[in-house]
Amino acid sequence: MIPTIIVHGGAKTIKDDKVAANHTGCTAAVEAGWAVLLGGGTAAEAVEAAIRVLEADQTFNAALGATLNSDGEVELDAAIMEGSLNWGAVAAVQGVRHPISVARKIMDDKPRLLVARGAERFAVDSGAEMCKKEDLIAEEQWQQWKKDEKVIDRPNTVGCVVLDASGILAAGTSTGGTTKQQQGRVGDSAVIGCGLYADNKIGACSTTGDGESIIPVVLAKTAIDFLVGDRHPDEAAQMAIDALASKVKGEAGCILIDNQGRIGWAYNSQNMAVAYMNTDMDRTAVFTRK
Ligand code: ASP
């Protein structure tokens, strides 16, 4: 099996002055996940490593630098799923530096979605890196929130999909939600089938975009279903986005890897930052537009 990794930095509009930061961040995330795979790590370990890089990068809407809710707070959702159908998820957590790592710890414990205080308690008990909730607020986000600016190039959700050398697939997604979302609102990112899905027999997917549109079309599972019959992931990804656009309003994007290691992605926003790598390539490919 050819190990393969793909990451996204969200379906969004990327202004010219943010292109370089999106390239750098997505490339660094692929490299972190790739190093795990080269070291013999599992797909889930590679997904976690890649997403941790994006969560620590203020360019993206995940953990540090995430968009602020109605109360001016960072509130985070993340989930991870393995192709064995094992999964873990957190939602509406605060003061957690790497929600994806907490989701993974939940997965390794027993599959469930933990929210708010319960998730934060689990994070503390399992030794996750905690911080003051204010420490995750970036200056740019705070200024925009205070001035109630209309944000064109809002930061956006991150995700990663991996096929490892033993043919195991995994997907992960991490987000700060939507700009000024109601306190307590949870979108698609931590919801299995919507923000992510993985099935070793078919493929794996991570999505991004308007959660309220992604949830009713179960976007990640829809994209996986389009892979059936050996359809190429690029075509399946486009079909999933077309299906969403035909049924609901909203912007969305998805990244896919099938069980042969072929990749695909599609989006209906202006841009989507994407980077990927496999053993046939000598360096990471990175894009902000397809
Ligand atoms: N899907 C995320 C949410 O609705 C946000 C995004 O990807 O832009 O919470």
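Atoms within each ligand, like the ligands themselves, are counted from 1 in listed order.
- Looking at G159, G209, A91, A190 and measuring to atom 2 (C) of ligand 1, the nearest heavy atom belongs to G209.
- Contact atoms of ligand 1 toward S189: 1 (N), 2 (C) (distance under 4.0 Å to a heavy atom of the residue).
- Distances below 4.0 Å separate heavy atoms of G211 from the following atoms of ligand 1: 4 (O).
- Note on L256: it does not cluster hydrophobically with V162, by side-chain heavy-atom contacts below 4.5 Å among ILVMFWY residues.
- A salt bridge is absent between E235 and R262; no separation between the charged side-chain nitrogens and carboxylate oxygens falls under 4.0 Å.
- In this structure, the separation between OG1 on T222 and CG on L227 is 11.5 Å, given to the nearest 0.5 Å.
- Here atom 4 (O) of ligand 1 lies nearest to R185 when heavy atoms of R185, K12, E251 are compared.
- Residues G264 and P233 come closest through the heavy atom pair N-CB, 3.6 Å.
- A salt bridge links E129 to R52: one of the charged nitrogens lies within less than 4.0 Å of a carboxylate oxygen.
- I263 and F226 sit in two unconnected hydrophobic clusters of ILVMFWY residues. Membership requires side-chain heavy atoms under 4.5 Å apart, directly or through other members.
- In the vicinity of G177, heavy-atom distances shorter than 4.0 Å reach the ligand 1 atoms 5 (C), 9 (O).
- Ligand-side atoms of ligand 1 in range of D188: 1 (N), 2 (C), 3 (C), 4 (O), range being under 4.0 angstrom from any heavy atom.
- Below 3.5 Å of separation, one finds no N or O of E212 facing any N or O of ligand 1.
- Looking at ligand 1, you won't find any N or O of D77 less than 3.5 Å from one of its N or O atoms.
- L76 places a side-chain heavy atom less than 4.5 Å from the side chain of L136.
- Some N or O of T157 is nearer than 3.5 Å to an N or O of ligand 1, by distance alone.
- The N/O atoms of T208, backbone and side chain alike, include one that comes under 3.5 Å of an N/O atom in ligand 1.
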